[in-house]
Structure formats: C-alpha cells, structure tokens
Amino acid sequence: MDTNAIEKKWSSRWKDAGVFEVDPRPDKEKRYLTAAFPYPNSPQHIGHARTYTTADIYARYLRLKGYHVLFPMAFHVTGTPILAMAKRIAAKDKNVLDVFENIYKIPPEIGASLTDPKDLVTYFSKEIEEGMKEMGFSMDWRRKFYTYDSKFNKFIQWQFHKLKELGYLIKGEYPIAWCESDGNALSAHDTKGDVDPELEEVTVIKFKVSDGRYLVVTTYRPETVYGVTNIWINPEAEYVKIKYKEETLILAKKAAEVLKLQMGYELLGEISAEEILEMNPKNPATGDAVPVFKASFVAPETGTGVVMSVPAHAPFDYLALRDLGKAEMDMPQVIELSGYSNNPAKDAVEKFKVKNQDDPSGELATKEIYTKEAHGGVMVVGKYKGEKVAEAKLKVAADLKAENKAFEIITIANGPVFCRCGSPAVVNVMDDQWFIDYGIPEWKEKAKKCLDKMEIIPEKTRGEFEYTIGWLKTRPTSRSSGLGTKFPFDETKMIEALSDSTLYMSYYTISHLLDEVDASSMDNKFFDYVFLGKGDGNEKLDKLRESFLYWYPVDSRHSAGDLVRNHLTLYIFNHVGIYEEPQWPKQIVTNGFVTMEGSKMSKSMGNIMPLRFAISEYGADVIRFAVVCGADLASDSDFNKSVADGVRSRLGFISKLIEGSINEGKAHGRPEKWIHSRLNRKIERAGKLYDKLQIRHLALEIFYDVVTDLQWYLKRTKEPNLHDFFEKWIIMIAPFMPHYCEEYWEMLGHKPFITFEPFPQADLSKIDESIERGEETILQVHEDIEKISKLIGKKPESVSVFVASNWKRKLIEIAIAEKSFEGTMKAAAAEKMPMKDVTRITKQIMKNVHSLVKPVSQKDEFDALKDAEQFLSDEFECKVTVLTEEEGKHPKAGNSLPKKPSIVLE
RNA sequence: GCAGGAAUAACAAAGCGGUCAAAUGUGAUGGGUUUAGGACCCAUUGGCUUAGUGCCUUCGAAGGUUCGAAUCCUUCUUCCUGCACCA
C-alpha cells in the first residue's frame with residue numbers, strides 16, 4: 001500500500017465531506033476539546049505533535065463513542081518574539097537564517113524575506129496548518145483566527161473589562177529590566193545571548209553620618225547588622241551624593257547610575273573617598289558609630305558600592321580586616337552555628353586556607369558560611385535572639401524598613417546583562433503597570449473548587465495545580481510592546497501574551513459566525529449577551545449565544561505539562577472568575593515532551609525533526625504512533641528511528657493480512673475462539689484506557705499485543721479467518737491510525753467513514769477463560785519440547801505428552817484451601833490419594849501456596865492439547881501424541897502436573 | 001534553598017504486596033529465507049544447573065514491616081523540572 005496516497009486520499013475525503021466541521025446538534029451529546037494553540041514563529045517539529053495527537057486520538061475516540069465532537073484550532077501571535085524575530089531577519093541575523101535553512105529546510109530566499117511580522121505569521125501558520133492537516137487532526141478549521149485579529153481583540157478587551165469590574169485588575173509599580181538607549185523593556189529575546197535578566201531584591205541599610213545624611217550599604221543578610229564593625233568602600237572608585245526622599249545618600253557613582261531609573265533621585269555632586277573614610281556613621285540597629293575602611297573587594301557597580309563589614313560571619317570582611325592588620329580586633333558574634341566557634345567566618349577562612357581578600361578561594365568560604373548559617377544558624381543577639389536565621393532575616397529587614405532605617409532596591413542578579421544594542425541592562429520601575437490579582441482569596445477559593453471537581457490527567461499533576469493556585473499572586477498583564485490586543489484602560493500598552501490565552505476557548509464557539517458582524521459593533525454589550533446572557537439579544541446574537549451554550553464548557557483541555565504553572569492555572573482562574581459554574585472547565589490533560597534518539601531536541605544540537613519532514617519520511621499514522629506511544633502521558637517520550645520502523649513494519653504486516661483475509665477461511669476451531677476471546681477482552685479494557693488516556697498502555701494492548709496474537713494465531717491455524725476480527729479491531733485502533741483504518745474499512749466493503757462507526761461492544765460471551773488457558777498450555781508445551789530437544793541435542797522422532805490426572809488438580813485445590821503442608825497432607829489422605837506422590841507434589845507446591853490458582857480440569861487441558869496435536873507435530877516435524885496420565889505407560893508420565901504435562905521425547 | 005517528579009536488566013520503558021528473573025519495544029548474538037543488501041520469520045540475551053516444571057543473586061543504597069517486597073514504611077544518595085512576566 002502506498003502510504004502517502006492513502007493519507008492524501010482520506011484527508012481530502014474528510015475535507016470534502018466537511019466531517020470535522022461541526023455545528024450544534026441538539027439531538028447529540030457534545031464533547032468540546034481544545035489544545036494549546038501554536039505560536040507561529042517557526043515550523044512545528046515532532047515534539048509539538050504530541051499534544052495535538054493525544055487530543056486528536058481522544059477526539060476520535062469520543063466520536064466512536066457517539067459524541068458530537070468539536071476540536072478547533074487557531075494561532076497565538078501575541079507578544080514580542082515574532083516582532084523580535086522579524087527584526088532579526090531584517091538585520092540579516094545569521095543565527096536565525098541558519099536555523100531556518102538548516103533545521104527547518106526553509107528555502108533561504110523565503111527565510112530572508114520574512115522581515116514583516118505579518119508575513120512571518122502568514123508563512124509559518126500556513127506551514128503549521130498544513131502539517132496538522134497532514135497528520136489527520138480532526139479539526140474544524142473554519143474557526144481559525146489569529147490573536148491580533150481585530151475581532152479577537154474586541155473579545156480580549158471585553159475579558160479585561162470583566163476582570164476590572166470584578167476588581168481583579170489593579171494598577172501599580174513594577175520593576176523590569178530596561179535598556180536606556182532603546183527605551184524599552186528587555187526580555188530574553190532582546191538581550192545578547194538570549195539571557196533572561198533575573199531581578200532580585202536587595203536590602204539597603206542606612207548608616208547615619210549626620211542629620212539627613214546617610215552612607216548606604218547593600219546586603220543580602222540584614223540580620224547580621226548587629227555584628228557590623230566597620231563600613232567598606234573601594235578607594236579606587238568614585239562616590240557621589242544624591243538627594244532621595246528629602247535625604248542625602250552617599251554611594252558609589254557607578255551604582256548610582258544603575259539605580260537612577262528605579263530610584264528617581266537628584267544628583268547632588270561628587271564626594272571623595274578620603275572624605276568618606278573620615279566618617280563615623282552610626283549602625284541603625286545598635287546605635288554604635290563605626291569607622292570606614294578601604295577594601296579592594298568592593299565592586300562599585302554592585303548594589304550601592306558600599307558594604308557593611310560583619311567579620312564574624314562574612315569571610316571577605318574578615319579577610320579584609322586581616323589584610324589591614326586588624327585580625328585581633330573585636331568581632332561580635334550574631335549567629336550561632338553548631339560545629340563552629342564564635343567566629344564562623346574565621347573558621348572557614350582557615351579551613352579553606354584563604355590567603356587574602358583577592359584570593360578566589362574566599363568564594364568557597366563565603367558560600368559555605370552563607371549556606372550553613374542561612375539554614376542552620378540561630379540568632380544570639382538582637383530582638384530575634386533564639387530564632388532561626390531564615391526567619392530573623394525577614395523580620396529584621398521588615399523592622400528596619402518600618403523604621404525608615406532601610407529600603408529595598410532591585411538588582412539584576414545574573415548581571416551584567418546587555419541589550420542587543422550593546423548598552424547594559426538596568427532596572428526600571430514602571431509606575432503604570434497593570435496587574436491581574438490572582439491573590440484575591442475568594443477567587444482562589446473558586447479556582448480550588450473548580451479544580452476539585454475537575455478530572456486531571458495524569459492525576460498526579462493535581463498537586464502541582466493546587467500548589468500553583470496557592471502561590472499565584474499579582475501578575476503583570478500589560479507590556480510596553482508586542483503584538484496582540486491593546487490594553488483597554490491604557491491604549492499605549494499591550495496585553496501580555498499569557499493573559500490573552502486564558503478565556504479564548506469561548507471565542508472558538510462563535511469565531512466562524514462573525515463574517516457579517518462588524519468589529520466596531522462588538523462592544524461589551526455584545527459579548528455580555530453572547531457569553532453571559534446579560535442584556536437584550538436579537539436573532540443574530542441568539543445564534544451566537546446558542547452556539548456558545550451548546551459547546552461550553554470545555555470538556556477537555558490539552559497541553560504540554562510545562563504550562564501547568566502558568567497558562568493552565570490561569571485558564572482555570574479566568575473561567576471561574578468570569579463564568580458561572582456550568583461553564584467551568586471539566587478536564588485538563590497534560591503530556592510530557594518528545595526527545596529525539598534519547599536527547600532533548602534543540603536548535604544548537606541540530607536534532608530537531610520538522611513535523612512535515614517526518615510525515616513525508618514515515619507517513620502520518622506512523623508518526624502519530626511514534627510520537628505518542630513511547631512513554632506514559634506524563635513522561636518524555638523518545639522518538640527514534642527503530643521504533644518508527646517497527647511501527648511501520650507491523651502496519652505492513654497487518655495490511656497484508658487484511659488484504660488477504662477478506663474472502664477467506666472456514667476454520668472455526670480453538671484458535672478462532674481464542675483470538676476472539678483475546679479480542680473481546682481487549683475491547684472491554686480499551687474503553688477504560690481511552691477514557692483515562694492511557695495511551696501507552698493502549699498501544700501495547702491493542703497494537704503490539706495484537707500483532708503478537710495474530711502471529712500465534714496464524715501459526716495455529718491452517719485456514720485463517722480474520723474478517724470478523726478485523727471488523728471490530730479496526731474501529732478500536734482507528735483513533736491512532738485514522739488514515740489506514742479508513743482504507744481498511746473500505747477494503748472490508750464498508751462505506752466511509754469509520755470515523756463515525758460506533759465503538760465495538762465487547763461480547764463477553766466470547767471471552768473464554770478455558771480456551772485461553774488451554775492456549776497458554778499449548779504454548780508452554782511447545783516451549784518445553786523445544787528446550788528438551790535442545791538439551792538432548794537432537795530432534796525427536798516422536799513426542800508423547802501426558803496430561804495430569806484430576807486428583808492432582810484436586811490436590812492443588814486442597815492446598816489452596818489449607819495453605820499448610822500438614823493440613824494438605826491430612827486432607828489428601830482423607831481423599832485416599834496416592835500418598836507417596838502427594839508428599840512429593842505437596843512439597844513442591846507449598847513454596848508458593850499463596851499464589852496458586854485453581855487448575856482447569858484434566859479434560860479441558862487434554863482437549864486443548866489434543867487439538868494442537870497436529871500443530872505440534874508440524875512444528876517439530878515428528879509425531880506428537882497427547883495422552884492422559886492414566887493412559888501413559890512411560891515411567892515419566894506420573895511426573896505430570898496440572899498445566900505442566902509430562903513430556904517424553906524419543 | 002524551596003516545591004514537585006523520578007531512579008528497574010545493554011538501552012528505552014512497564015510493573016506498584018504473592019502467578020516477578022521481572023511485560024513490551026529496541027539493540028546484540030545465532031539460525032531460517034533471500035542473488036546480495038533490506039525486509040520478514042524463529043531462537044537466545046543475570047548466573048548456575050537440568051531431558052523442560054530447579055537453585056542462587058538482582059529492580060539507586062542501607063535499614064524496617066510481612067509467611068512473602070521491585071512493589072509498603074524510614075533514612076540516605078543521585079538525577080530532572082519549576083521558582084514568575086517568558087511564549
């Protein structure tokens with residue numbers, strides 16, 4: 001069979017018949033599925049396909065179960081990455097163009113032409129859409145939209161009006177990494193080396209020099225303020241005076257430059273290091289005046305460029321004092337640390353043999369002391385004496401701030417970070433930043449309540465959702481640049497990318513019905529009516545509202561697991577905030593990633609396999625399988641060539657069988673009963689596995705195992721008849737490999753589409769335990785003959801098989817009941833069994849008496865083996881005779897046990 | 001550091017109190033088929049034994065509970081992911 005031809009044939013038939021384009025049908029129960037929409041700044045690779053394939057398998061399963069299923073798709077273009085990428089293409093950035101050409105195989109002239117964000121979006125979204133269609137995803141493409149569409153913008157603005165009405169939207173200050181020369185915010189896409197600037201709060205403590213004049217130090221350890229012996233400045237650096245909140249602060253010039261934007265101070269002028277060294281500032285915690293000393297380790301661009309010295313707890317402070325010849329001075333202890341003296345810093349310096357403050361091993365000493373004190377230290381002075389350092393740290397800082405003896409500044413923790421333009425990133429505090437306040441308790445309660453009622457697949461991720469709901473607080477939602485929707489209450493701002501993808505599933509329910517509607521008429525009243533039923537409607541609006549009410553709520557939301565901590569939890573919040581309970585989400589399904597031949601896919605490793613390339617290489621049905629079946633839903637699934645080849649060859653095996661099996665076969669013996677018993681058992685289990693999306697388990701059960709069963713069946717029977725088997729099996733597996741199954745279905749003489757056939761019902765009457773156990777015994781005997789034959793090193797001329805007597809079966813039942821050697825022996829004696837054999841057998845079976853199962857009767861076992869007599873004879877090319885133990889004259893005949901017939905080779 | 005997840009044979013990955021020397025797939029080895037290659041089929045793939053149904057040692061490490069543990073409990077070790085504005 002020609003894979004590509006089959007896949008093309010069926011995808012165009014689906015398209016022509018519009019089978020996935022669905023509208024409300026009140027006569028049918030609906031299921032509404034959505035999967036996270038893609039971000040079209042590059043083509044998709046096989047990793048992206050996992051979530052969509054999982055969702056599609058589920059969608060197709062639900063159709064077989066008789067539901068009316070909607071599975072829509074759209075494109076998310078919000079935010080800065082697409083803009084940044086277009087800019088980089090315009091600048092002929094080699095990295096971007098190389099990735100396009102070498103990894104995604106985009107013709108270089110096309111790649112280089114995508115300098116307009118819209119062209120970029122158009123090109124890649126087209127590419128992605130084609131790939132999804134080729135994969136056979138059963139999506140309703142009429143509903144497609146882009147998040148920068150003006151109508152969608154209206155919807156998002158409405159969402160934000162709702163959030164504001166609810167009091168969830170607040171305005172405030174927010175620090176961000178900033179480029180002064182470009183005048184905009186910096187995220188990872190905008191920095192050299194794609195570094196994500198990490199912001200961190202640092203405490204600034206004010207040491208009073210005179211009234212209104214302070215020397216300001218930065219510290220991560222405010223609790224050590226009680227042990228300050230002096231202040232450090234770098235004599236090589238320049239220092240300045242600034243006016244900040246009506247006070248004069250003294251700090252390093254370079255530090256002041258970095259802090260300028262966030263503090264908004266007035267520069268008063270320079271001040272010489274000598275002048276500072278003369279000062280005797282007062283420790284705000286103790287009131288003691290301390291001297292100012294010189295130290296080379298102080299970096300003028302870090303913090304304030306002024307440092308407080310706590311020699312008992314900071315190895316560098318101790319070292320600098322020792323370098324000045326002051327090692328013997330009094331060094332007050334603040335923290336007690338078991339295993340250390342009253343000067344842990346000194347202990348650590350000696351332990352690591354640090355020479356002076358310029359010796360790099362000082363870092364090691366510092367790290368050890370900081371870590372240990374932070375977690376194991378106990379305060380020995382001050383207001384929080386006796387408390388743990390971890391707690392005292394926060395309390396001391398809070399007290400100092402409350403008394404206006406300290407304040408917080410924000411620094412770039414992983415700095416220095418540079419903008420692509422070359423200038424260093426600084427911290428800017430936006431005072432007109434909008435937030436969504438996910439910290440509001442009633443809102444959290446609702447989210448919790450929704451979560452409690454939701455199905456979470458895999459269930460073990462539920463804890464992560466609970467954790468995220470608990471931990472979310474105010475979240476910035478406006479940005480100064482990017483594609484998407486303008487912020488309705490400040491049109492100079494854009495709505496941030498994660499905030500416009502939390503309620504959009506509602507929009508799919510009407511997005512294909514808006515052709516006649518003008519964007520300007522889509523105001524708050526419009527959406528209030530359509531989605532909330534508030535206000536007055538009309539015929540047109542009613543149609544939209546009906547569609548929404550029919551499809552909502554979302555029955556299953558699919559995404560990769562990394563979105564639990566943000567998108568998926570925000571999705572819950574926004575739904576419970578804006579909608580009533582009947583519209584709340586019902587289920588969330590998350591999956592792991594896809595690795596490539598054992599390692600993570602990455603651009604730098606060049607091991608990304610573009611989806612459309614993979615499809616042309618292996619065919620969509622094979623890729624669907626390979627991408628989804630390699631691991632449990634939650635864990636990463638590995639894509640490798642050998643697995644894909646394995647799937648392909650099994651598919652070939654099955655195709656051949658179906659081609660050959662259609663008009664055949666009259667056999668109706670044990671093998672037929674067996675394979676139908678196996679099939680019906682699988683049908684019975686498959687439904688539950690599909691419901692829980694146990695995809696890997698399903699694949700093993702209804703694909704790999706089935707191939708193995710078929711191979712055994714073909715061995716066991718001369719005239720195979722698999723027509724009835726395939727009639728059911730094809731439907732059951734169709735969600736995995738829809739193209740092939742449609743083709744098979746047609747080959748079996750049915751009209752399309754298998755897509756809407758009812759999922760097979762398990763015929764429980766065909767599940768035959770004794771037939772299956774019989775077949776197991778045959779397999780066992782087959783193996784045993786082989787083993788023995790190998791051991792004696794020759795092919796047998798004849799084989800006799802002796803089936804154990806019924807009294808032995810009875811004996812096992814007794815053992816199961818008695819569970820003890822003595823008890824079994826007694827009961828056996830009462831039954832007048834041959835005690836010599838009983839002793840031997842009982843000894844043997846007592847070892848695993850707790851796991852014995854009731855044996856089948858001698859007759860059942862004999863019948864099974866007798867039926868296979870010819871088969872075994874053919875297999876071993878000699879006469880195989882099956883006899884009962886009683887009929888056997890050979891001395892070994894008596895060795896037989898239930899399920900373990902005695903075998904004699906001659 | 002905090003929070004979550006995980007550790008199983010050559011590799012990947014099931015199993016989550018007894019039927020477990022441990023499914024399945026891949027790889028490897030041998031054999032069959034084939035002009036050759038590929039594909040396909042069969043067998044073997046912890047050790048030792050044995051004309052098969054036996055014994056021993058294994059499921060990150062150490063302890064514990066139990067008649068019985070890969071599975072439950074405790075401690076430890078290692079690895080992964082996230083810790084916020086980034087889609």
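Proteins come first, then strands; the chains are lettered A, B, ... in the order of their sequence lines, and each starts at number 1.
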Whole-Å [atom1] distance, [N] and [M]:
N: B:U34; M: B:C41; atom1: C1'; value: 12 Å
N: B:G1; M: B:C76; atom1: P; value: 13 Å
N: B:C56; M: B:G63; atom1: C1'; value: 23 Å
N: B:U19; M: B:G68; atom1: C1'; value: 13 Å
N: B:G17; M: B:C72; atom1: P; value: 7 Å
N: B:A10; M: B:A6; atom1: P; value: 24 Å
N: B:G54; M: B:U49; atom1: C1'; value: 8 Å
N: B:U74; M: B:C86; atom1: C1'; value: 41 Å

Does the side chain of [X] get closer than 4.0 angstrom to OP1 or OP2 of [N] through an N or O atom?
X: A:Thr80; N: B:A87; value: yes
X: A:Arg479; N: B:C86; value: yes
X: A:Thr477; N: B:C85; value: no
X: A:Gln780; N: B:U53; value: no
X: A:Arg650; N: B:U26; value: yes

Given [options], which nucleotide is nearest the side-chain atoms of [X]?
X: A:Trp471; options: B:C85, B:A84, B:G4; result: B:A84
X: A:Ser642; options: B:A23, B:U53, B:G27; result: B:G27
X: A:Arg565; options: B:G25, B:G82, B:G5; result: B:G82
X: A:Tyr174; options: B:A84, B:A39, B:C85; result: B:C85
X: A:Tyr704; options: B:G25, B:C86, B:A87; result: B:G25
X: A:Leu700; options: B:G4, B:U24, B:C86; result: B:U24
X: A:Asn566; options: B:U53, B:C86, B:G5; result: B:C86
X: A:Tyr467; options: B:A87, B:A3, B:A84; result: B:A3
X: A:Ser635; options: B:A14, B:C40, B:C86; result: B:A14
X: A:Asp632; options: B:A14, B:A39, B:A87; result: B:A14

Inset, instruction - Mind running ring pair (Phe, Tyr, Trp, His ring centres under 6.0 Å) on A:Tyr168 and A:Phe573 for me, showing each step along the way? - result: CA-CA 11 Å; A:Tyr168 296 163; A:Phe573 266 98; 8.7 Å; no
Whole-Å distance separating the [atom1] atom of [X] from the [atom2] atom of [N]:
X: A:Ile788; N: B:A43; atom1: CD1; atom2: P; answer: 16 Å
X: A:Glu783; N: B:C42; atom1: CD; atom2: P; answer: 13 Å
X: A:Leu710; N: B:C40; atom1: CG; atom2: P; answer: 16 Å
X: A:Phe871; N: B:C42; atom1: CZ; atom2: C1'; answer: 12 Å
X: A:His782; N: B:A43; atom1: NE2; atom2: P; answer: 7 Å
X: A:Ile903; N: B:U53; atom1: CD1; atom2: C1'; answer: 9 Å
X: A:Asp638; N: B:U24; atom1: CG; atom2: P; answer: 20 Å
X: A:Phe639; N: B:U26; atom1: CZ; atom2: P; answer: 14 Å

Legend entry - Any side-chain heavy-atom pair of A:Val202 and A:Tyr220 under 4.5 Å: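 Side-chain contact under 4.5 Å: yes.
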Going by purine N1 to pyrimidine N3 plus the second Watson-Crick contact, or the G-U wobble pair, all under 3.5 Å, which nucleotide sits opposite [N]?
N: B:U81; result: B:A3
N: B:G68; result: none
N: B:A10; result: B:U26
N: B:U19; result: none
N: B:C48; result: B:G54
N: B:U74; result: B:A62
N: B:C86; result: none

Regarding [X], tell me which of base, sugar-phosphate or nothing describes its non-hydrogen contacts under 4.0 Å with the strands shown.
X: A:Ser896; answer: nothing
X: A:Lys460; answer: sugar-phosphate
X: A:Pro38; answer: nothing
X: A:His567; answer: nothing

Inset, instruction - Would you please name every residue forming a side-chain hydrogen bond (donor to acceptor under 3.5 Å, both in side chains) with A:Tyr174, sequence neighbours left out? - result: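 By the side-chain hydrogen bond (donor to acceptor under 3.5 Å, both in side chains) rule, A:Tyr174 matches no residue at all.
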Legend entry - Contacts of type side-chain hydrogen bond (donor to acceptor under 3.5 Å, both in side chains), residue A:Lys641, not counting sequence neighbours: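 A:Lys641 satisfies side-chain hydrogen bond (donor to acceptor under 3.5 Å, both in side chains) with A:Asp645 only.
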In terms of side-chain heavy atoms, does [X] have a donor or acceptor partner in [Y] at a distance below 3.5 Å?
X: A:Asp500; Y: A:Thr485; answer: no
X: A:His567; Y: A:Asp562; answer: no
X: A:Glu464; Y: A:Thr461; answer: no
X: A:Thr474; Y: A:Asp437; answer: no

Legend entry - Position toward the 5' end of RNA chain B (nearest nucleotide), A:Glu464 or A:His76: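 Here A:Glu464 is the residue nearer the 5' end.
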Inset, instruction - Name the residue closer to the 5' end of RNA chain B, choosing between A:Lys715 and A:Thr708 according to the nucleotide with the nearest heavy atom. - result: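 It is A:Thr708, whose closest nucleotide lies nearer the 5' terminus.
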Inset, instruction - Quick one: sort the A:Tyr504 and A:Phe37 rings into parallel, tilted or perpendicular, breaks at 30° and 60°. - result: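 Parallel: the ring planes of A:Tyr504 and A:Phe37 meet at under 30°.
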